[in-house]
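Basis for what follows: all heavy atoms, side chains included, without hydrogens, waters or symmetry-related copies.
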Amino acid sequence: MRNLNIVSVLLLVILVSLTPVFSWKKEEFRNCDQTPFCKRARSRNPGDCSIFADQVSISDGDLTAKLFSKNQSHDDPVNPLILSLSVYQDGIMRLKIDEDPTSNPPKNRFQVPDVVLPDFLSKKLHLQRLTTETIDGDVGRSSIVYLSDDYEAVLRHDPLEVYVRYKGSNSRLLSLNSNGLFDFEQLRVKNEGEDWEERFRSHTDTRPYGPQSISFDVSFYDSDFVYGIPEHATSFALRPTRGPNVEESEPYRLFNLDVFEYIHDSPFGLYGSIPFMISHGKSGKTSGFFWLNAAEMQIDVMGDGWNAESGISLPSKQKRIDTFWMSEAGIVDTFFFVGPSPKEVVRQYTSVTGLPSMPQLFATAYHQCRWNYRDEEDVEQVDAKFDEHDIPYDVLWLDIEHTDGKRYFTWDKALFPHPEEMQKKLASKGRHMVTIVDPHIKRDESFWLHKEATQKGHYVKDVSGKDFDGWCWPGSSSYPDMVNPEIRTWWSDKFSYDNYVGSTPSLYIWNDMNEPSVFNGPEVTMPRDALHIGNVEHRELHNVYGYYFHMATADGLVKRENGRDRPFVLSRAFFAGSQRYGAVWTGDNSADWDQLRVSVPMILTLGLTGISFSGADVGGFFGNPDTELLVRWYQLGAYYPFFRAHAHHDTKRREPWLFGERNTELMKEAIHIRYMLLPYFYTLFREANATGIPVVRPLWMEFPSDEATFKNDEAFMVGNAILVQGIYTERAKHASVYLPGKEYWYDMRTGTAVKGGITHKLEVSEESIPAFQRAGTIIPRKDRFRRSSTQMVNDPYTLVVALNSSQSAEGELYIDDGKSFAFLQGASIYRRFVFSNGKLTSVNMAPNSSGKSQFSSECIIDRIILLGYFGGSKSASIEPANQKAEIEFGPLRLRGKGPSVVTIRKPGVRISDDWTVKIL
């Protein structure tokens with residue numbers, strides 16, 4: 001027996017060691033037909049819902065009602081449900097439906113905590129009254145309450161329907177249950193002889209509380225496309241999953257999974273889940289819908305004609321897109337966002353779930369990563385090679401092999417005997433290090449962290465109440481119950497210098513495998529019947545586990561520095577609100593052209609759903625990219641919000657200097673572009689931090705009425721000023737680039753003006769991918785290259801003024817200390833530049849400071865480049881300094897060959913001052 005156990009353990013060890021090298025196998029993951037709640041929900045027909053609302057009233061500022069079923073029986077009575085509808089500032093409506101606590105359900109359903117901001121809850125509008133009317137075509141009554149000056153919320157009593165309409169009409173914006181698909185499986189006691197267990201492959205889910213799923217339809221009116229609900233490797237505009245002529249029959253799955261070498265163009269769920277969908281259409285109107293639910297979710301996008309044979313008469317003839325939302329557990333806790341613009345919808349959503357955190361400056365630069373840099377000598381050599389080849393970088397990363405036997409918060413004493421000295425050497429050049437810390441804790445009685453977690457009872461429990469024991473990188477592992485705030489506090493303390501021995505202030509953290517990944521678990525994740533605090537089943541909160549882990553880690557880094565410095569934590573798993581705690585990346589992609597292509601819609605979708613700080617592994621994690629693909633990936637990745645190269649340990653080394661002199665120059669140039677644009681990127685990160693508007697945006701966010709942009713996910717905007725078009729095929733000689741709007745665009749490599757409003761077939765070369773600056777914008781740059789962003793802090797600025805047809809332009813620049821939270825007390829510089837009537841003016845846009853903390857900069861503007869300037873002047877006056885500057889032709893970029901452009905040389909004005917430069 002003992003020998004058999006040893007063999008079993010050895011087989012599991014082999015499984016753990018081999019798991020990452022296998023490609024994705026579809027049969028190892030459940031589809032809808034293998035997922036009972038999804039299969040049951042999809043079998044329902046339009047109009048099957050028999051729920052109606054009664055006892056409608058205003059209570060504690062909310063519209064409330066009880067929901068009853070018409071399909072009652074003496075043998076199986078259906079308890080009433082409780083509905084509450086709340087209204088918040090900015091036209092946000094919250095709809096909750098839960099079981100009636102007076103019916104004594106077997107347990108309370110899980111409601112996701114710590115996602116909705118307390119500040120948002122304080123913005124509730126206390127409803128005073130409702131009106132009742134019989135809307136045209138209805139037999140029964142509807143209750144109407146105020147939502148905003150332009151919108152009303154309507155509760156249709158029978159059949160049940162909730163919708164938002166334009167005030168003064170019955171024209172709709174959003175609705176729930178218009179197709180009568182609402183279903184709510186109530187918790188109950190198991191009848192004798194019932195089998196509630198579910199089986200998939202070799203795993204059994206005990207399901208002690210039985211079926212508890214919820215499903216309903218949501219309709220978006222005057223809409224042509226819907227977007228959002230990451231994470232999927234598919235198109236930006238979500239394609240239909242049901243209906244006539246729909247090839248793909250699987251719904252979009254939201255279930256955080258460790259999926260290695262995932263395939264592109266699939267609705268299969270990946271590492272993170274955000275149940276937030278946005279619609280947009282020719283009307284120019286945008287709306288959004290968010291379901292705060294952390295259980296597994298499946299979402300269908302219905303194609304035209306999906307319900308043609310239903311025979312039901314819908315209450316509205318407006319053009320719409322119908323969607324169908326299904327969840328295994330939880331409650332209905334939904335938010336309706338009225339927009340009406342794309343940016344307004346994103347702003348409304350982030351007012352609920354939180355604004356993106358402001359990163360440190362170094363984190364917005366280039367990161368170099370590999371599984372694994374072998375030892376301290378390897379780290380030192382890689383660092384030296386970047387300097388030797390004049391390639392800037394800011395962060396070197398260490399994967400799991402740096403630890404002592406996969407015990408996190410430790411170092412391999414043979415390979416990394418002097419971790420503090422290693423980090424200090426990097427820090428002397430302004431560089432940083434990131435190490436990996438995953439949630440699985442090695443079950444080793446000699447490991448201090450495991451002993452402490454065990455003694456304190458901090459682990460997730462299995463269905464029998466024992467500490468859950470699963471397999472991951474260390475072998476036998478247990479997982480802290482991050483849902484518990486006390487355990488999150490305990491975890492955050494582990495990042496102190498006393499606990500994380502060998503860490504220094506320049507060390508930051510990477511959270512991987514936090515879906516959570518369990519190699520021997522069902523679908524490589526934690527069993528659904530595992531137990532968290534309060535006997536909450538894992539099925540009820542699976543998608544939020546990684547969010548809490550990310551939160552606790554970020555809090556730990558803040559605590560480590562006594563609240564002074566901003567944290568940097570990269571997480572693979574995410575949920576709504578993850579934007580508050582750091583960056584995410586798109587996981588274990590592959591080195592092929594399709595994966596390069598799909599990275600763009602994946603990043604656009606993350607930005608649209610709040611997570612602005614995201615990127616894909618440059619070069620692809622799995623496999624060996626050919627040189628052309630690697631170069632193209634660097635050229636595109638330089639515009640990702642999060643710019644990191646990463647690779648699997650079985651791949652060939654691929655640092656930028658290993659592919660011949662010419663390719664080294666091409667990759668170096670791509671990295672230089674990122675460093676040149678860091679002032680612009682950092683300004684955009686501050687905009688995201690203040691408004692929620694993402695750094696990288698779909699074209700239609702800037703051009704919401706341009707139909708040609710609605711499905712375009714090969715190109716994207718960086719802020720409002722730069723359009724980037726990737727090259728996604730090998731040996732490409734031409735690229736089709738659509739430039740929206742009526743104004744010109746300026747080629748960022750040549751300065752050439754290109755007409756907007758049409759698609760151009762452009763010649764492309766190996767040197768760059770198409771990138772254009774929009775006429776009417778001003779971009780701040782730094783043109784001197786250093787070893788790292790930290791060493792560029794005092795360098796002068798260049799302003800690139802791209803004039804429109806009115807010979808005007810405007811732009812912004814944000815600066816702070818790049819590190820601390822002092823900017824929240826006003827310690828920053830925020831300037832607005834306006835060019836009009838031959839004058840460039842710098843205006844202070846910073847809010848009044850509290851006086852507690854100030855920030856200053858002695859940086860000056862060294863060059864002002866004028867693209868599209870028609871005049872022939874030779875000089876400019878500078879006020880109030882009463883000086884002059886020369887106007888001459890100069891290089892568009894300081895390095896390399898390039899065209900000459902009109903340049904105001906050395907105006908010498910300080911970036912922090914008010915000034916005017918007037919062309920004479």
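Ring planes of Phe236 and Trp700: parallel class, angle under 30° (limits at 30 and 60°). Classified by interplanar angle (parallel below 30°, tilted 30° to 60°, perpendicular above 60°), the ring pair Phe362/Tyr508 is tilted. Phe823 and Phe821 have parallel rings, their planes meeting at less than 30° on a 0 to 90° scale where 60° marks the start of perpendicular.
Checking Thr841, Ile878, Val843 one by one against Thr916, the side-chain contact (heavy atoms from CB on, under 4.5 Å) holds for a single residue, Thr841. Between Leu799 and the choices Ile779, Leu840, Leu866, Val909, the side-chain contact (heavy atoms from CB on, under 4.5 Å) rule is met once, by Leu840. Exactly one residue among Ile769, Val600, Val737 makes a side-chain contact (heavy atoms from CB on, under 4.5 Å) with Gln725. That residue is Val737.
Inter-residue side-chain proximity for Ile865 and Arg781 is flagged as met; some heavy-atom pair is nearer than 4.5 Å. Side-chain contact between Arg697 and Pro342: absent, with no pair of heavy atoms (C-beta onward) separated by less than 4.5 Å. Under the 4.5 Å side-chain criterion, counting only non-hydrogen atoms from C-beta, Leu920 is in contact with Ser877. Residues Val618 and His646 are not in side-chain contact: their nearest non-hydrogen atoms beyond the backbone lie 4.5 Å or more apart. Side chains of Ile919 and Tyr869 form a contact here, defined as non-hydrogen atoms less than 4.5 Å apart. Here the side chains of Leu636 and Ser599 are in contact, with some heavy-atom distance below 4.5 Å. Phe835 has its side chain out of reach of Ile864: every pair of non-hydrogen atoms, C-beta onward, lies at least 4.5 Å apart. For the pair Leu723/Glu702, no side-chain contact is recorded, criterion being any heavy-atom separation below 4.5 Å from C-beta on.
Residues that satisfy the ring pair (Phe, Tyr, Trp, His ring centres under 6.0 Å) test with Phe386, not counting sequence neighbours, are Tyr393, Trp657. Residues that satisfy the side chain to side chain donor-acceptor pair (under 3.5 Å) test with Tyr634, not counting sequence neighbours, are Tyr366. A search for side chain to side chain donor-acceptor pair (under 3.5 Å) contacts involving Thr790 returns nothing, not counting sequence neighbours. With sequence neighbours excluded, no residue satisfies side chain to side chain donor-acceptor pair (under 3.5 Å) with Ser788.
When atom types are taken as modelled, the side chain of Thr691 and the backbone of Ile693 share a donor-acceptor pair closer than 3.5 angstrom. For the pair Arg566 (side chain) and Pro359 (backbone), a donor-acceptor distance under 3.5 Å is present. Of the possible polar contacts, one joining the Asn589 side chain to the Phe621 backbone as a donor-acceptor pair under 3.5 Å is found. A distance-only check finds a donor-acceptor pair linking the side chain of Arg774 to the backbone of Asn720 [under 3.5 Å]. When atom types are taken as modelled, the side chain of Asn837 and the backbone of Lys839 share no donor-acceptor pair closer than 3.5 angstrom. No donor-acceptor distance shorter than 3.5 angstrom exists from the side chain of Asp617 to the backbone of Gly619, with no hydrogens or angles considered. Side chain of Gln807 to main chain of Gly868: a donor-acceptor pair is present (N/O by atom type, distance under 3.5 Å, no hydrogens or angles).
Heavy atoms only, all atoms of each residue included: Ser612 and Pro694 are closest at OG-CA, 3.4 Å. The heavy-atom pair separating Asp816 from Ala827 by the smallest distance is CB-O, 3.6 Å. Here the shortest heavy-atom pairing between Ala732 and Val764 reads O-CG2, 3.5 Å. Looking at every heavy atom in both residues, Ile860 comes nearest to Gly908 through CG2-O, 3.9 Å. Between Lys782 and Met792 the shortest heavy-atom distance is NZ-O, 2.8 Å. The two residues Ala809 and Val801 have their closest heavy-atom pair at CB-CG1, 3.9 Å.
Because its NZ or CZ atom is not both nearer than 6.0 Å to the ring centre of Phe643 and within 45° of the ring axis, Arg674 does not count as a cation-pi partner of that residue.
Taking the charged nitrogens against the carboxylate oxygens, Asp383 and Lys425 have no contact shorter than 4.0 Å, which rules out a salt bridge. Ion pairing between a basic and an acidic side chain is recognised when a charged N comes within 4.0 Å of a carboxylate O; Arg905 and Glu888 show such pairing. A salt bridge links Arg910 to Glu858: at least one charged side-chain nitrogen sits closer than 4.0 Å to a carboxylate oxygen. Between Glu812 and Arg686, no side-chain nitrogen of the basic residue sits less than 4.0 Å from a carboxylate oxygen of the acidic one, so the salt-bridge criterion is not met. Look at Asp378 and Arg370 and you find no salt bridge, because none of the NZ, NE, NH1 or NH2 atoms lies under 4.0 Å from a carboxylate O. Comment: Lys429 engages Asp387 in a salt bridge, judged by a side-chain N to carboxylate O separation of less than 4.0 angstrom. Ion pair Glu628/Arg731 not flagged as a salt bridge, since none of the NZ, NE, NH1 or NH2 atoms sits closer than 4.0 Å to an Asp/Glu carboxylate oxygen. Under the 4.0 Å criterion applied to side-chain N and carboxylate O atoms, Arg632 and Asp626 are not assigned as salt-bridge partners.
Heavy atoms from other residues, nucleotides or ligands lying under 6.0 Å from NZ of Lys343 number more than 12. Within 6.0 Å of the NZ atom in Lys819, the count of heavy atoms belonging to other residues, nucleotides or ligands exceeds 12.
Side-chain contact check for Glu687 and Tyr814: no donor-acceptor pair (N or O, by modelled atom type) lies under 3.5 Å. In this structure, a donor-acceptor pair under 3.5 Å is absent between the side chains of Tyr682 and Ser789. Using modelled atom types and a 3.5 Å distance limit, the side chains of Thr709 and Asp706 yield no donor-acceptor pair. Side chains of Thr798 and Asp783: a donor-acceptor N/O pair is present below 3.5 angstrom, by distance only.
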Worked check of side chain to side chain donor-acceptor pair (under 3.5 Å) between Gln368 and Tyr373: CA-CA 10 Å; Gln368 183 67 37; Tyr373 288 116; 3.1 Å; yes
Salt bridge (Lys or Arg N to Asp or Glu O under 4.0 Å) between Arg662 and Glu665, intermediate numbers included: CA-CA 5 Å; Arg662 175 57 179 162; Glu665 285 300 314; over 6 Å; no
Check against side chain to side chain contact (heavy atoms under 4.5 Å, CB included), Leu894 and Arg863: CA-CA 11 Å; Leu894 289 182; Arg863 299 195 304 152; 3.8 Å; yes
Working for side chain to side chain contact (heavy atoms under 4.5 Å, CB included), residues Tyr639 and Leu677: CA-CA 9 Å; Tyr639 296 97; Leu677 292 174; 3.9 Å; yes
Verdict with reasoning, Arg831 to Asn844, per side chain to side chain contact (heavy atoms under 4.5 Å, CB included): CA-CA 5 Å; Arg831 308 299 302 185; Asn844 181 27; 3.3 Å; yes
Verdict with supporting geometry, Ile861 and Trp915, side chain to side chain contact (heavy atoms under 4.5 Å, CB included): CA-CA 11 Å; Ile861 293 177; Trp915 44 259; 3.3 Å; yes
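Residue pairs meeting the side chain to side chain donor-acceptor pair (under 3.5 Å) criterion with at least one member in residues 740-758, sequence neighbours excluded, are Glu743-Ser805, Arg749-Glu767, Arg749-Ser768, Thr750-Thr752. Identified under the ring pair (Phe, Tyr, Trp, His ring centres under 6.0 Å) test for residues 757-793, with sequence neighbours left out: His672-Phe785.
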